[in-house]
Amino acid sequence: MTLPFHRCMTGDALPMIESTFPPSREMALARLAQFVPGAGRRYEQGRNTDAGPDQPSAVSRLSAYLRYRLITEHEVIAQVLAHHTLRDAEKFVQEVLWRTYWKGWLELRPSVWRRFLDERDRQQEDFPAGHAIITAEKGQTGIEGFDDWARELVETGYLHNHARMWFASIWIFTLRLPWALGADFFLRHLIDADTASNTLSWRWVAGLQTVGKTYLATTDNIARHTNGRFAPKGLAREAVALTEAPIGAIRGLAEQACLDPARPSALLLTHEDMHAESAFADAQKFSAAIVAIDPGLLWGDGARRFAGDAGADIATRAASHFGCGTKRVGQFDAQTLITASQTAGVRQIVTPYAPVGPVADALAQLAPVLAREGIALTQMRRPWDSAFWPHATRGFFSFKERIPAILQERGLA
Ligand SMILES: Cc1cc2nc3c(=O)[nH]c(=O)nc-3n(C[C@H](O)[C@H](O)[C@H](O)COP(=O)(O)OP(=O)(O)OC[C@H]3O[C@@H](n4cnc5c(N)ncnc54)[C@H](O)[C@@H]3O)c2cc1C
(Lines give C-alpha, C1' and ligand atoms only; values in the text may rest on other atoms or scores of the structure.)
Protein backbone atom coordinates (compact mmCIF):
# COMPACT_ATOMS: atom_id res chain seq x y z
CA MET A 1 0.00 0.00 0.00
CA THR A 2 1.37 3.44 -0.87
CA LEU A 3 0.71 5.90 1.88
CA PRO A 4 -0.34 9.48 1.59
CA PHE A 5 2.54 11.39 3.10
CA HIS A 6 3.14 15.07 3.44
CA ARG A 7 1.63 16.76 0.39
CA CYS A 8 1.83 20.41 -0.58
CA MET A 9 0.41 22.89 1.83
CA THR A 10 -3.23 23.62 1.17
CA GLY A 11 -3.79 26.12 3.96
CA ASP A 12 -6.80 24.02 4.95
CA ALA A 13 -5.66 22.52 8.25
CA LEU A 14 -7.94 19.55 8.82
CA PRO A 15 -7.89 17.93 5.35
CA MET A 16 -4.10 18.29 5.41
CA ILE A 17 -3.96 16.56 8.78
CA GLU A 18 -6.10 13.69 7.55
CA SER A 19 -3.83 13.12 4.59
CA THR A 20 -0.75 13.24 6.84
CA PHE A 21 -2.01 10.76 9.42
CA PRO A 22 -4.89 8.58 8.16
CA PRO A 23 -6.48 7.51 11.44
CA SER A 24 -6.57 3.72 11.37
CA ARG A 25 -4.49 0.81 12.59
CA GLU A 26 -4.25 -0.52 9.06
CA MET A 27 -2.52 2.67 7.94
CA ALA A 28 -0.26 2.59 10.99
CA LEU A 29 0.85 -0.94 10.16
CA ALA A 30 1.41 -0.04 6.53
CA ARG A 31 3.53 2.97 7.54
CA LEU A 32 5.52 0.77 9.93
CA ALA A 33 6.12 -1.83 7.20
CA GLN A 34 7.37 0.90 4.84
CA PHE A 35 9.67 2.30 7.50
CA VAL A 36 11.20 -0.93 8.90
CA PRO A 37 13.93 -1.47 6.24
CA GLY A 38 15.30 2.02 7.04
CA ALA A 39 15.20 1.65 10.84
CA GLY A 40 18.93 0.82 11.09
CA ARG A 41 21.79 2.86 9.60
CA ARG A 42 19.51 5.07 7.46
CA TYR A 43 17.60 6.24 10.53
CA GLU A 44 20.74 6.74 12.60
CA GLN A 45 22.39 8.88 9.93
CA GLY A 46 19.36 10.83 8.73
CA ARG A 47 17.13 11.23 11.77
CA ASN A 48 18.39 14.72 12.68
CA THR A 49 17.70 16.18 9.24
CA ASP A 50 14.44 18.02 8.65
CA ALA A 51 14.35 18.44 4.88
CA GLY A 52 10.86 20.00 4.94
CA PRO A 53 7.26 18.91 5.23
CA ASP A 54 6.90 17.73 1.65
CA GLN A 55 10.26 15.94 1.43
CA PRO A 56 11.24 12.32 2.09
CA SER A 57 12.56 11.82 5.60
CA ALA A 58 14.54 9.19 7.51
CA VAL A 59 12.15 9.36 10.47
CA SER A 60 9.09 7.12 10.79
CA ARG A 61 6.29 9.66 11.40
CA LEU A 62 4.67 7.00 13.56
CA SER A 63 4.18 9.28 16.56
CA ALA A 64 0.42 9.83 16.25
CA TYR A 65 -0.14 6.07 16.00
CA LEU A 66 2.17 5.32 18.94
CA ARG A 67 0.75 8.10 21.07
CA TYR A 68 -2.80 6.67 20.91
CA ARG A 69 -1.50 3.11 20.85
CA LEU A 70 -3.09 2.26 17.55
CA ILE A 71 0.22 0.44 17.39
CA THR A 72 2.27 -0.33 20.46
CA GLU A 73 5.90 0.28 21.32
CA HIS A 74 6.23 -3.48 21.73
CA GLU A 75 5.13 -4.35 18.21
CA VAL A 76 7.09 -1.51 16.57
CA ILE A 77 10.29 -2.65 18.25
CA ALA A 78 9.49 -6.34 17.59
CA GLN A 79 9.11 -5.68 13.87
CA VAL A 80 12.25 -3.58 13.70
CA LEU A 81 14.28 -6.22 15.57
CA ALA A 82 12.96 -8.93 13.27
CA HIS A 83 14.86 -7.12 10.46
CA HIS A 84 17.82 -5.56 12.25
CA THR A 85 20.11 -6.43 15.14
CA LEU A 86 19.67 -4.36 18.29
CA ARG A 87 23.08 -2.89 17.60
CA ASP A 88 22.10 -1.70 14.11
CA ALA A 89 18.71 -0.34 15.18
CA GLU A 90 19.86 0.90 18.59
CA LYS A 91 19.14 4.57 17.87
CA PHE A 92 15.59 3.94 16.71
CA VAL A 93 14.83 1.57 19.58
CA GLN A 94 16.13 4.16 22.03
CA GLU A 95 13.97 6.89 20.50
CA VAL A 96 10.84 4.75 20.86
CA LEU A 97 11.86 4.12 24.45
CA TRP A 98 12.21 7.85 25.10
CA ARG A 99 8.44 7.85 24.84
CA THR A 100 8.14 4.99 27.34
CA TYR A 101 10.67 6.69 29.62
CA TRP A 102 8.87 10.05 29.65
CA LYS A 103 5.58 8.31 30.43
CA GLY A 104 7.17 6.39 33.29
CA TRP A 105 8.98 9.49 34.60
CA LEU A 106 5.72 11.46 34.80
CA GLU A 107 3.82 8.51 36.21
CA LEU A 108 6.27 8.50 39.13
CA ARG A 109 5.93 12.29 39.56
CA PRO A 110 2.36 13.28 38.60
CA SER A 111 2.71 16.63 40.42
CA VAL A 112 4.90 17.82 37.53
CA TRP A 113 1.88 17.66 35.20
CA ARG A 114 -0.23 19.60 37.70
CA ARG A 115 2.60 22.10 38.05
CA PHE A 116 2.63 22.61 34.27
CA LEU A 117 -1.14 23.22 34.20
CA ASP A 118 -0.91 25.74 37.04
CA GLU A 119 2.04 27.48 35.40
CA ARG A 120 0.20 27.63 32.06
CA ASP A 121 -2.93 29.10 33.68
CA ARG A 122 -0.87 31.60 35.67
CA GLN A 123 1.07 32.71 32.59
CA GLN A 124 -2.11 33.00 30.54
CA GLU A 125 -3.49 35.42 33.11
CA ASP A 126 -0.33 37.28 33.99
CA PHE A 127 1.78 37.45 30.86
CA PRO A 128 1.78 41.09 29.82
CA ALA A 129 2.77 40.54 26.18
CA GLY A 130 -0.20 38.65 24.75
CA HIS A 131 0.61 40.27 21.41
CA ALA A 132 4.04 38.60 21.37
CA ILE A 133 2.42 35.18 21.87
CA ILE A 134 -0.04 35.77 19.04
CA THR A 135 2.76 36.93 16.75
CA ALA A 136 4.82 33.82 17.56
CA GLU A 137 1.88 31.43 17.12
CA LYS A 138 0.96 32.98 13.77
CA GLY A 139 4.55 32.73 12.56
CA GLN A 140 4.98 36.50 12.19
CA THR A 141 8.13 37.12 14.25
CA GLY A 142 10.38 37.57 11.23
CA ILE A 143 12.65 34.74 12.47
CA GLU A 144 13.44 32.46 9.55
CA GLY A 145 12.53 28.84 10.26
CA PHE A 146 10.68 29.62 13.46
CA ASP A 147 7.84 31.28 11.52
CA ASP A 148 7.76 28.39 9.03
CA TRP A 149 7.57 25.78 11.83
CA ALA A 150 4.75 27.69 13.55
CA ARG A 151 2.72 27.55 10.31
CA GLU A 152 3.73 23.96 9.55
CA LEU A 153 2.57 22.87 12.99
CA VAL A 154 -0.84 24.50 12.58
CA GLU A 155 -1.29 23.25 9.02
CA THR A 156 -0.07 19.66 9.41
CA GLY A 157 -0.35 18.80 13.13
CA TYR A 158 3.24 17.54 13.08
CA LEU A 159 6.83 18.79 13.39
CA HIS A 160 10.10 16.91 13.04
CA ASN A 161 11.80 16.32 16.42
CA HIS A 162 14.69 18.67 15.63
CA ALA A 163 12.25 21.43 14.56
CA ARG A 164 10.40 20.96 17.88
CA MET A 165 13.71 21.44 19.73
CA TRP A 166 14.73 24.53 17.71
CA PHE A 167 11.26 26.02 18.03
CA ALA A 168 11.08 25.53 21.80
CA SER A 169 14.60 26.92 22.26
CA ILE A 170 13.91 30.06 20.20
CA TRP A 171 10.55 30.53 21.97
CA ILE A 172 12.19 30.42 25.41
CA PHE A 173 15.66 31.94 24.92
CA THR A 174 15.41 34.27 21.89
CA LEU A 175 11.83 35.47 22.17
CA ARG A 176 11.86 35.10 25.97
CA LEU A 177 8.28 33.86 26.02
CA PRO A 178 6.92 31.70 28.88
CA TRP A 179 7.75 28.04 28.25
CA ALA A 180 4.38 26.74 29.48
CA LEU A 181 2.54 28.81 26.83
CA GLY A 182 4.79 27.33 24.14
CA ALA A 183 4.08 23.82 25.45
CA ASP A 184 0.37 24.69 25.39
CA PHE A 185 0.65 25.88 21.75
CA PHE A 186 2.13 22.48 20.84
CA LEU A 187 -0.59 20.61 22.77
CA ARG A 188 -3.31 22.51 20.90
CA HIS A 189 -1.90 21.66 17.47
CA LEU A 190 0.12 18.43 17.55
CA ILE A 191 -1.88 15.38 16.58
CA ASP A 192 0.49 13.36 18.76
CA ALA A 193 -0.03 15.84 21.65
CA ASP A 194 1.04 13.96 24.75
CA THR A 195 1.15 14.94 28.41
CA ALA A 196 4.51 13.35 29.14
CA SER A 197 6.52 13.73 25.89
CA ASN A 198 5.46 17.33 25.34
CA THR A 199 5.68 18.69 28.89
CA LEU A 200 8.95 16.98 29.73
CA SER A 201 10.59 17.86 26.39
CA TRP A 202 9.76 21.55 26.87
CA ARG A 203 11.08 21.31 30.44
CA TRP A 204 14.23 19.66 29.07
CA VAL A 205 14.86 22.50 26.56
CA ALA A 206 14.24 25.07 29.33
CA GLY A 207 16.76 23.46 31.70
CA LEU A 208 14.15 22.36 34.24
CA GLN A 209 14.18 18.65 33.46
CA THR A 210 17.92 17.96 33.67
CA VAL A 211 18.52 20.74 36.15
CA GLY A 212 20.76 23.42 34.66
CA LYS A 213 21.15 21.73 31.24
CA THR A 214 19.44 23.67 28.45
CA TYR A 215 19.16 23.27 24.68
CA LEU A 216 20.42 26.21 22.59
CA ALA A 217 19.32 26.42 18.93
CA THR A 218 22.09 27.86 16.74
CA THR A 219 22.12 29.23 13.19
CA ASP A 220 24.77 26.73 12.04
CA ASN A 221 23.00 23.70 13.46
CA ILE A 222 19.68 24.76 11.90
CA ALA A 223 21.28 25.48 8.51
CA ARG A 224 23.11 22.13 8.50
CA HIS A 225 20.10 20.01 9.51
CA THR A 226 17.56 21.78 7.29
CA ASN A 227 19.77 21.28 4.21
CA GLY A 228 20.29 25.03 4.13
CA ARG A 229 16.60 25.92 3.97
CA PHE A 230 16.87 28.19 7.01
CA ALA A 231 19.73 30.15 8.63
CA PRO A 232 17.99 32.43 11.13
CA LYS A 233 19.89 35.49 12.35
CA GLY A 234 19.82 37.08 15.78
CA LEU A 235 19.26 33.95 17.85
CA ALA A 236 20.08 33.97 21.56
CA ARG A 237 23.76 33.23 22.14
CA GLU A 238 23.27 31.67 25.52
CA ALA A 239 20.52 29.68 27.19
CA VAL A 240 20.39 30.32 30.91
CA ALA A 241 18.41 27.57 32.63
CA LEU A 242 15.04 28.44 34.12
CA THR A 243 14.56 27.51 37.76
CA GLU A 244 11.71 26.19 39.89
CA ALA A 245 10.97 24.88 43.39
CA PRO A 246 12.21 21.32 43.98
CA ILE A 247 9.95 18.51 42.81
CA GLY A 248 8.51 16.31 45.56
CA ALA A 249 9.41 12.68 46.22
CA ILE A 250 8.75 9.95 43.65
CA ARG A 251 5.51 8.00 44.17
CA GLY A 252 5.37 4.23 43.64
CA LEU A 253 3.43 2.76 40.75
CA ALA A 254 -0.03 1.48 41.64
CA GLU A 255 -0.22 -2.29 42.15
CA GLN A 256 -1.20 -4.10 38.97
CA ALA A 257 -4.94 -4.86 39.21
CA CYS A 258 -6.23 -8.41 39.05
CA LEU A 259 -9.16 -9.16 36.79
CA ASP A 260 -11.91 -11.36 38.14
CA PRO A 261 -12.66 -13.48 35.04
CA ALA A 262 -15.87 -14.80 36.59
CA ARG A 263 -17.33 -11.32 36.91
CA PRO A 264 -19.19 -10.21 33.77
CA SER A 265 -17.36 -7.19 32.47
CA ALA A 266 -17.63 -4.41 29.97
CA LEU A 267 -14.56 -3.09 28.15
CA LEU A 268 -14.05 0.68 28.18
CA LEU A 269 -11.80 2.07 25.45
CA THR A 270 -10.49 5.64 25.48
CA HIS A 271 -8.04 7.49 23.26
CA GLU A 272 -5.19 6.50 25.62
CA ASP A 273 -4.99 2.94 24.28
CA MET A 274 -6.59 2.05 20.98
CA HIS A 275 -5.38 -1.52 20.56
CA ALA A 276 -7.49 -3.48 23.02
CA GLU A 277 -6.71 -6.73 21.22
CA SER A 278 -3.15 -6.77 22.61
CA ALA A 279 -4.02 -5.20 25.98
CA PHE A 280 -5.78 -8.30 27.35
CA ALA A 281 -5.20 -12.04 27.38
CA ASP A 282 -6.72 -13.86 24.41
CA ALA A 283 -9.09 -15.74 26.71
CA GLN A 284 -10.52 -12.54 28.18
CA LYS A 285 -14.25 -12.19 27.51
CA PHE A 286 -16.28 -9.00 27.57
CA SER A 287 -20.06 -8.73 27.52
CA ALA A 288 -19.89 -5.35 25.79
CA ALA A 289 -17.40 -2.74 24.68
CA ILE A 290 -17.84 1.00 25.15
CA VAL A 291 -15.68 3.22 22.96
CA ALA A 292 -15.60 6.62 24.67
CA ILE A 293 -13.65 9.26 22.76
CA ASP A 294 -14.42 12.46 24.63
CA PRO A 295 -13.32 15.56 22.68
CA GLY A 296 -13.22 17.49 25.95
CA LEU A 297 -10.26 15.36 27.09
CA LEU A 298 -8.15 16.24 24.04
CA TRP A 299 -6.58 19.66 23.40
CA GLY A 300 -6.80 20.48 19.71
CA ASP A 301 -9.11 19.99 16.74
CA GLY A 302 -6.55 17.90 14.85
CA ALA A 303 -6.11 15.46 17.74
CA ARG A 304 -9.89 15.37 18.30
CA ARG A 305 -10.52 14.59 14.66
CA PHE A 306 -7.79 11.92 14.57
CA ALA A 307 -8.93 10.19 17.78
CA GLY A 308 -12.63 10.51 16.88
CA ASP A 309 -12.11 8.88 13.47
CA ALA A 310 -9.86 6.21 14.98
CA GLY A 311 -12.74 5.50 17.42
CA ALA A 312 -14.73 3.99 14.53
CA ASP A 313 -11.75 1.79 13.70
CA ILE A 314 -11.33 0.49 17.26
CA ALA A 315 -15.06 -0.15 17.66
CA THR A 316 -15.03 -2.42 14.59
CA ARG A 317 -11.89 -4.24 15.75
CA ALA A 318 -13.10 -4.68 19.34
CA ALA A 319 -16.44 -6.10 18.18
CA SER A 320 -14.75 -8.63 15.93
CA HIS A 321 -11.93 -9.60 18.36
CA PHE A 322 -14.00 -9.92 21.54
CA GLY A 323 -17.22 -10.97 19.79
CA CYS A 324 -19.34 -8.52 21.76
CA GLY A 325 -21.67 -5.63 21.03
CA THR A 326 -19.91 -2.28 20.83
CA LYS A 327 -21.31 1.12 21.66
CA ARG A 328 -19.63 4.42 20.75
CA VAL A 329 -20.22 7.36 23.04
CA GLY A 330 -18.97 10.93 22.84
CA GLN A 331 -19.01 11.77 26.56
CA PHE A 332 -17.03 10.42 29.37
CA ASP A 333 -19.42 10.77 32.31
CA ALA A 334 -20.74 8.49 35.04
CA GLN A 335 -24.33 8.33 33.77
CA THR A 336 -23.24 7.20 30.29
CA LEU A 337 -21.11 4.41 31.80
CA ILE A 338 -23.76 3.37 34.35
CA THR A 339 -26.44 3.15 31.64
CA ALA A 340 -24.13 1.21 29.30
CA SER A 341 -23.17 -1.20 32.14
CA GLN A 342 -26.80 -1.76 33.12
CA THR A 343 -27.78 -2.41 29.50
CA ALA A 344 -24.96 -4.97 29.22
CA GLY A 345 -25.81 -6.48 32.63
CA VAL A 346 -22.27 -6.06 34.02
CA ARG A 347 -20.90 -4.89 37.36
CA GLN A 348 -17.31 -4.43 36.29
CA ILE A 349 -15.81 -2.01 33.74
CA VAL A 350 -12.29 -2.84 32.61
CA THR A 351 -10.10 -0.35 30.78
CA PRO A 352 -6.45 -0.20 29.70
CA TYR A 353 -4.46 1.88 32.20
CA ALA A 354 -4.62 5.61 31.51
CA PRO A 355 -1.30 7.38 32.20
CA VAL A 356 -1.11 10.80 33.89
CA GLY A 357 -3.37 13.24 32.04
CA PRO A 358 -7.01 14.19 31.49
CA VAL A 359 -8.33 10.63 30.96
CA ALA A 360 -6.65 9.42 34.17
CA ASP A 361 -8.16 12.40 36.03
CA ALA A 362 -11.61 11.61 34.59
CA LEU A 363 -11.33 7.93 35.59
CA ALA A 364 -10.26 8.90 39.11
CA GLN A 365 -13.41 11.03 39.44
CA LEU A 366 -15.67 8.36 37.95
CA ALA A 367 -14.47 5.38 40.02
CA PRO A 368 -16.16 6.34 43.33
CA VAL A 369 -19.41 7.32 41.56
CA LEU A 370 -19.53 3.97 39.76
CA ALA A 371 -18.60 2.14 42.99
CA ARG A 372 -21.68 3.64 44.68
CA GLU A 373 -23.74 1.94 41.94
CA GLY A 374 -21.93 -1.36 42.60
CA ILE A 375 -19.80 -1.10 39.44
CA ALA A 376 -16.05 -1.66 39.81
CA LEU A 377 -13.75 0.30 37.49
CA THR A 378 -10.52 -1.63 36.90
CA GLN A 379 -7.51 -0.26 35.00
CA MET A 380 -5.10 -2.82 33.55
CA ARG A 381 -1.51 -1.70 32.96
CA ARG A 382 0.33 -3.30 30.07
CA PRO A 383 3.32 -5.56 30.91
CA TRP A 384 5.48 -3.24 28.73
CA ASP A 385 4.78 -0.29 31.02
CA SER A 386 5.15 -2.38 34.18
CA ALA A 387 8.57 -3.57 32.97
CA PHE A 388 9.98 -0.16 31.97
CA TRP A 389 8.29 2.52 34.06
CA PRO A 390 9.82 1.58 37.45
CA HIS A 391 13.26 2.35 35.94
CA ALA A 392 12.37 5.95 35.06
CA THR A 393 13.60 7.14 38.46
CA ARG A 394 16.61 9.09 37.18
CA GLY A 395 17.89 10.37 33.82
CA PHE A 396 17.52 8.61 30.47
CA PHE A 397 21.15 7.48 30.58
CA SER A 398 20.59 5.08 33.48
CA PHE A 399 17.20 4.01 32.02
CA LYS A 400 18.86 3.26 28.68
CA GLU A 401 21.33 0.84 30.33
CA ARG A 402 18.38 -1.38 31.23
CA ILE A 403 16.92 -1.54 27.73
CA PRO A 404 18.79 -4.60 26.32
CA ALA A 405 18.05 -6.76 29.39
CA ILE A 406 14.36 -5.85 29.48
CA LEU A 407 13.98 -6.41 25.74
CA GLN A 408 15.66 -9.79 26.19
CA GLU A 409 13.31 -10.73 29.05
CA ARG A 410 10.43 -9.87 26.74
CA GLY A 411 11.86 -12.09 24.01
CA LEU A 412 12.66 -9.18 21.71
CA ALA A 413 16.46 -9.13 21.65
C1 LIG B 1 9.52 20.37 22.51
C2 LIG B 1 9.12 18.96 22.13
C3 LIG B 1 7.80 18.56 22.24
C4 LIG B 1 7.42 17.24 21.90
N5 LIG B 1 6.09 16.87 22.03
C6 LIG B 1 5.71 15.60 21.74
C7 LIG B 1 4.37 15.19 21.88
O8 LIG B 1 3.48 15.94 22.32
N9 LIG B 1 4.05 13.91 21.52
C10 LIG B 1 4.99 13.04 21.06
O11 LIG B 1 4.64 11.88 20.73
N12 LIG B 1 6.28 13.40 20.96
C13 LIG B 1 6.67 14.65 21.26
N14 LIG B 1 7.99 15.02 21.13
C15 LIG B 1 8.98 13.98 20.79
C16 LIG B 1 9.33 13.84 19.31
O17 LIG B 1 9.62 15.08 18.76
C18 LIG B 1 8.23 13.17 18.47
O19 LIG B 1 7.77 11.99 19.10
C20 LIG B 1 8.82 12.80 17.10
O21 LIG B 1 9.24 13.96 16.44
C22 LIG B 1 7.80 12.11 16.27
O23 LIG B 1 8.25 11.91 14.96
P24 LIG B 1 8.50 10.46 14.39
O25 LIG B 1 7.35 9.58 14.70
O26 LIG B 1 8.89 10.60 12.96
O27 LIG B 1 9.76 10.00 15.26
P28 LIG B 1 10.88 8.91 15.03
O29 LIG B 1 12.20 9.59 15.05
O30 LIG B 1 10.60 8.06 13.86
O31 LIG B 1 10.79 8.06 16.38
C32 LIG B 1 9.93 6.93 16.51
C33 LIG B 1 9.05 7.12 17.72
O34 LIG B 1 9.82 7.25 18.90
C35 LIG B 1 9.20 8.17 19.79
N36 LIG B 1 10.11 9.32 19.97
C37 LIG B 1 11.07 9.74 19.12
N38 LIG B 1 11.74 10.78 19.65
C39 LIG B 1 11.18 11.03 20.84
C40 LIG B 1 11.42 11.98 21.88
N41 LIG B 1 12.40 12.89 21.80
N42 LIG B 1 10.63 11.94 22.99
C43 LIG B 1 9.64 11.03 23.11
N44 LIG B 1 9.37 10.09 22.16
C45 LIG B 1 10.13 10.10 21.05
C46 LIG B 1 7.90 8.63 19.13
O47 LIG B 1 6.84 7.84 19.61
C48 LIG B 1 8.19 8.37 17.66
O49 LIG B 1 7.02 8.14 16.90
C50 LIG B 1 8.40 16.32 21.46
C51 LIG B 1 9.73 16.73 21.35
C52 LIG B 1 10.08 18.04 21.67
C53 LIG B 1 11.52 18.44 21.54
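Ligands are counted one by one from 1 in listed order, and the atoms in each one are counted from 1 as well. The first residue in the sequence is number 1, and the count goes up from there.
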Modelled atom types, side-chain donor and acceptor of Thr141 and Asp147, under 3.5 Å: yes

Side chains of Gln79 and Glu75: donor-acceptor distance under 3.5 Å anywhere? no

Students should be able to answer this: which protein heavy-atom is nearest to [atom], and at what distance?
atom                    : result
atom 19 (O) of ligand 1 : Ser63 CB, 4.0 Å
atom 52 (C) of ligand 1 : Ser201 CB, 3.4 Å
atom 32 (C) of ligand 1 : Phe92 CE1, 3.4 Å
atom 29 (O) of ligand 1 : Tyr43 OH, 2.5 Å
atom 15 (C) of ligand 1 : Asn161 OD1, 3.9 Å
atom 5 (N) of ligand 1  : Asn198 OD1, 3.2 Å
atom 10 (C) of ligand 1 : Asp192 OD1, 3.5 Å
atom 14 (N) of ligand 1 : Arg164 NH1, 3.6 Å

[atom2] on [Y] to [atom1] on [X], rounded to 0.5 Å:
X      : Y      : atom1 : atom2 : value
Leu377 : Leu337 : CG    : CG    : 7.5 Å
His271 : Phe332 : NE2   : CZ    : 8.5 Å
Glu119 : Leu181 : CD    : CG    : 8.5 Å

Under 4.0 Å, counting heavy atoms only: does [X] come that close to any atom of ligand 1?
X     : answer
Phe35 : no
Tyr65 : no
Arg47 : no
Val96 : yes

Does [X], backbone or side chain, put an N or O under 3.5 Å from an N or O of ligand 1?
X      : result
Tyr158 : yes
Trp98  : no
Arg67  : no
Asp194 : yes
Leu62  : yes
Ser60  : yes

Without swapping roles, check the side chain of [X] against the backbone of [Y] for a donor-acceptor pair under 3.5 Å.
X      : Y      : answer
Arg402 : Phe388 : no
Arg25  : Leu70  : yes
His160 : Arg47  : yes

Angle class for the Phe92/Phe35 ring planes (parallel below 30°, perpendicular above 60°, tilted otherwise)? tilted

Look at the rings of Tyr215 and His162 and say which category their plane angle falls in: under 30° parallel, 30 to 60° tilted, over 60° perpendicular. tilted

Do Arg109 and Ile250 come within less than 4.5 Å of each other through their side chains, counting heavy atoms only? yes

Check: Glu272 and Arg69 side chains under 4.5 Å, non-hydrogen atoms: no

Is the contact between Leu66 and ligand 1 made by the side chain, the backbone, both, or neither, using heavy atoms and a 4.0 Å cut-off? side chain

Quick one: does ligand 1 sit under 4.0 Å from the side chain of Trp204, the backbone, both or neither, non-hydrogen atoms only? neither

If you count the atoms of ligand 1 from 1 in the order shown, which ones are under 4.0 Å from a heavy atom of [X]?
X      : answer
Ala193 : 8 (O)
Trp102 : 42 (N), 43 (C)
Arg99  : 43 (C), 44 (N), 47 (O)
Leu190 : 5 (N), 7 (C), 8 (O)
Phe186 : 1 (C), 3 (C)
Trp202 : 1 (C)
Met165 : 53 (C)

Can the ring centres of [X] and [Y] be said to be less than 6.0 Å apart?
X      : Y      : value
Tyr101 : Phe397 : no
Phe146 : Trp149 : no
Phe116 : Trp179 : yes

Minimum non-hydrogen distance to atom 35 (C) of ligand 1, winning option of Gln94, Glu95, His160, Arg61: Glu95

Out of the candidates Asp192, Asp50, Asp194, only one should pair with Arg164 under the salt bridge (Lys or Arg N to Asp or Glu O under 4.0 Å) rule; please name it. Asp192

